[in-house]
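Heads up: the structure comes next, in structure tokens.
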Amino acid sequence: MRGVGWFRVALCLAVLGTSGCIGAVDRADFEQQIRTRGGGLVSALPQGAVIALAQRVGAAELQADVMVLSAPNSTQFRLVLNDQPAQVSRFLADHDDMSATAPTVRLRIRHPDGSRQVDDYSYMLGALSSAQPVRVSAYDDLEGECFTVGEVTGLARLEEVVDTALARSELPDGQVTVIVVSRFGSDIRMVANVVSPRSEVVAEFDRTGAFLRMQQV
């Protein structure tokens, strides 16, 4: 399956709910480390979502309008960019509550038959939601907005993307709460939201996970 072959398999998230102590590290300290590192935003998360959704819709490649990966602390999230695309604004308007108890992938997917039928899905703790129909306007440019998920090879380097966003932000106690994947003009970008108690920035990456720039929110 070419659209998902670039993901690495990872199983480490299963330990999160199993005990109050991880080795010699107290569970509360461990969970704080996980939140600081990216709240469970690891490459295995989109991998599982893409595999489950591809099997559900019977497509080897998925055409996405917007893809959002959110950590459990994503209630602090807001994304405001000078060049924020219309499809991201529409998606965020439809999902004003990003809160979740576990790392979550939300996908707005175009039907594999190439029609203007679009559905929202969410994936959390290994479970894929049912399709939620999305109202599409005659003015929505699906041809220009959608992208093939398999092109976003940076999702296989998600841990590196998170670490780079944190390092480049230079925010004390910064946390990556959300990563948005969408087309910005002709380019596919990954945009990471980094928040701290006193500030907030976004780190932009290209589709391969290469760092581009920081923006103050």
Side-chain angles (χ1 to χ4, degrees), residues 1-14 16 38-72 74 85 87-88 90-92 94-95 98 100-136 140-162 178-184 186-192 205-210:
M1 185 178 296
R2 185 162 64 90
V4 297
W6 40 263
F7 282 110
R8 298 191 304 270
V9 176
L11 300 175
C12 62
L13 290 179
L16 288 178
L41 300 182
V42 296
S43 56
L45 181 65
Q47 176 198 37
V50 170
I51 290 174
L53 188 49
Q55 292 175 342
R56 173 80 62 83
V57 301
E61 292 184 335
L62 299 175
Q63 291 291 313
D65 195 41
V66 179
M67 186 174 186
V68 176
L69 295 81
S70 59
S74 58
Q87 69 270 20
V88 172
R90 293 196 305 268
F91 183 89
L92 296 178
D94 292 341
H95 298 271
M98 288 281 193
T101 58
T104 304
V105 182
R106 295 175 175 85
L107 305 101
R108 179 158 288 182
I109 299 294
R110 188 176 186 180
H111 197 274
D113 64 8
S115 67
R116 293 180 61 81
Q117 181 176 324
V118 176
D119 294 307
D120 280 351
Y121 295 86
S122 63
Y123 177 86
M124 183 176 67
L125 298 176
L128 181 66
S129 73
S130 59
Q132 300 297 316
V134 176
R135 184 169 296 177
V136 177
D140 295 345
D141 180 19
L142 295 184
E143 295 296 335
E145 294 173 356
C146 290
F147 61 93
T148 302
V149 175
E151 292 184 75
V152 192
T153 56
L155 290 172
R157 304 169 52 198
L158 205 56
E159 295 87 345
E160 183 179 339
V161 167
V162 168
V178 169
I179 296 176
V180 175
V181 183
S182 190
R183 193 176 288 281
F184 288 66
S186 60
D187 299 324
I188 304 170
R189 294 189 210 162
M190 303 171 64
V191 180
F205 301 80
D206 69 12
R207 65 178 181 83
T208 71

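If you read the sequence from its start, that first residue is 1, and numbering goes on from there.
- I179 contributes atom CD1, which lies 15.5 Å from atom CZ of R189 (distance to the nearest 0.5 angstrom).
- Remark: side-chain polar atoms of D141 are not paired, donor with acceptor, to backbone N or O of E145 under 3.5 angstrom.
- Minimum heavy-atom separation, F184 to V191: CZ-CG2, 3.7 Å.
- Looking at every heavy atom in both residues, D119 comes nearest to P133 through OD1-CA, 3.3 Å.
- Not counting sequence neighbours, the partners of S182 by the side chain to side chain donor-acceptor pair (under 3.5 Å) test are Q87.
- Contact record, V66 with F147: N-CE2, 4.5 Å, taken as the closest heavy-atom pair.
- Every residue two or more places apart in sequence or in another chain was checked for a ring pair (Phe, Tyr, Trp, His ring centres under 6.0 Å) with H111, and none qualifies.
- Of the possible polar contacts, none joining the T148 side chain to the G150 backbone as a donor-acceptor pair under 3.5 Å is found.
- No hydrogens or angles considered: nothing links the side chains of S43 and R157 as a donor-acceptor pair under 3.5 Å.
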TODO: Could you please spell out the steps behind the side-chain contact (heavy atoms from CB on, under 4.5 Å) verdict for I109 and V57?
DONE: CA-CA 10 Å; I109 299 294; V57 301; 5.7 Å; no
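- Residues L41 and V162 share a closest heavy-atom pair of O-CG2, 3.9 Å.
- A donor-acceptor contact shorter than 3.5 Å is absent between the side chain of S122 and the backbone of D120.
- Without hydrogens or angle criteria, R110 side chain to S115 main chain gives a donor-acceptor distance under 3.5 Å.
- For D94, the side-chain contact (heavy atoms from CB on, under 4.5 Å) partners two or more places apart in sequence, or in a different chain, are R108.
- Of all the heavy atoms in T208 and T153, the pair that sits closest is CA-OG1, 3.4 Å.
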Open item on the list: E143 vs R116, test: salt bridge (Lys or Arg N to Asp or Glu O under 4.0 Å). Steps then yes/no.
Closed with: CA-CA 9 Å; E143 295 296 335; R116 293 180 61 81; over 6 Å; no
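- Side-chain contact between V118 and R135 is absent, with no heavy-atom pair separated by less than 4.5 Å.
- Residues passing the ring pair (Phe, Tyr, Trp, His ring centres under 6.0 Å) test with F91, sequence neighbours excluded: H95.
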Task: Steps toward side-chain contact (heavy atoms from CB on, under 4.5 Å) verdict (L155, V181) - done: CA-CA 9 Å; L155 290 172; V181 183; 4.2 Å; yes
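- Note on residues 40-50: no pairs pass salt bridge (Lys or Arg N to Asp or Glu O under 4.0 Å), not counting sequence neighbours.
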Open item on the list: One pair to check against side-chain contact (heavy atoms from CB on, under 4.5 Å): V180 and M67. What are the steps and the verdict?
Closed with: CA-CA 6 Å; V180 175; M67 186 174 186; over 6 Å; no
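- One finds the CG atom of L53 at 5.5 Å from the OH atom of Y121 (value rounded to the nearest 0.5 Å).
- No donor-acceptor distance shorter than 3.5 angstrom exists from the side chain of R207 to the backbone of I188, with no hydrogens or angles considered.
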Task: Audit row: L142, Q63, side-chain contact (heavy atoms from CB on, under 4.5 Å) steps and yes/no - done: CA-CA 10 Å; L142 295 184; Q63 291 291 313; over 6 Å; no
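- Contact annotation: the side chain of S70 approaches that of R106 to within less than 4.5 Å [non-hydrogen atoms, C-beta and beyond].
- Listed by chain and number, the residues in a side chain to side chain donor-acceptor pair (under 3.5 Å) with T101 amount to none (sequence neighbours excluded).
- Put simply, CG on L69 and OH on Y123 are 11.5 Å apart, with the number rounded to the nearest 0.5 Å.
- Smallest separation of non-hydrogen atoms from L128 and R56: O-NH2, 3.2 Å.
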